[in-house]
Amino acid sequence: MTYTRDRRNDYGANDKASRRAIRRNKRLPHRANRHHDHQRLTALAGAPDPAIDEVVEVRLRGRRPKTWRKLPDLPLGEHLDRRRRA
């Protein structure tokens, strides 16, 4: 057993809950980004107009897309040190 390579979930929530939470946390930002893009693209409905096209393009690219990243678990040695101190 290596204390640097083995890892433990130190977040504090039920370890089984992360199965659903990771999928949900990856799904929600993508859904919000699609919703935002769809709202902006509805302005393009109808006859082509270069002025509107440019405004919508600027609005689409003007907002940074939402993201989510999974944080790595703690190394086992650090996890055990924290538990000993607590």
- Query: Hey, are the side chains of H79 and D10 touching, using non-hydrogen atoms and a 4.5 Å cut-off?
  - Reply: yes

- Task: May I ask you to test the P29-T67 pair for a side-chain heavy-atom distance under 4.5 Å?
- Result: no

- Message: Going by the rule salt bridge (Lys or Arg N to Asp or Glu O under 4.0 Å), which residues pair with R84 if we only count those two or more places apart in sequence or in a different chain?
- Response: D81

- Could you grab the distance from atom CG of N33 to atom CG of L28, nearest 0.5 Å is fine? 11.0 Å

- CZ-CG distance between R5 and L76, expressed to the nearest 0.5 angstrom: 13.0 Å

- Message: Strictly by salt bridge (charged side-chain N to carboxylate O under 4.0 Å, His left out), give each pair with a member in residues 60-78 just once, sequence neighbours left out.
- Response: E57-R61, E78-R82

- Pairs satisfying salt bridge (charged side-chain N to carboxylate O under 4.0 Å, His left out), at least one member in residues 27-38, at least two apart: none

- Task: List the atom of T4, the atom of P75, and the distance in Å for their closest heavy-atom pair.
- Result: O-CB, 3.9 Å

- Query: Which heavy atom of T42 sits nearest a heavy atom of Q39, and at what distance?
  - Reply: OG1-O, 2.7 Å

- For R40 and L60, what are the C-alpha separation, side-chain angles and deciding distance, and is it a side-chain contact (heavy atoms from CB on, under 4.5 Å)? CA-CA 7 Å; R40 297 299 176 247; L60 278 175; 3.7 Å; yes

- Task: Report the hydrophobic cluster partners of I22, with the cluster defined as I, L, V, M, F, W, Y residues connected by side-chain heavy atoms closer than 4.5 angstrom, directly or transitively.
- Result: W68

- Note on the structure: The side chain to side chain donor-acceptor pair (under 3.5 Å) partners of H38 (sequence neighbours excluded) come to none

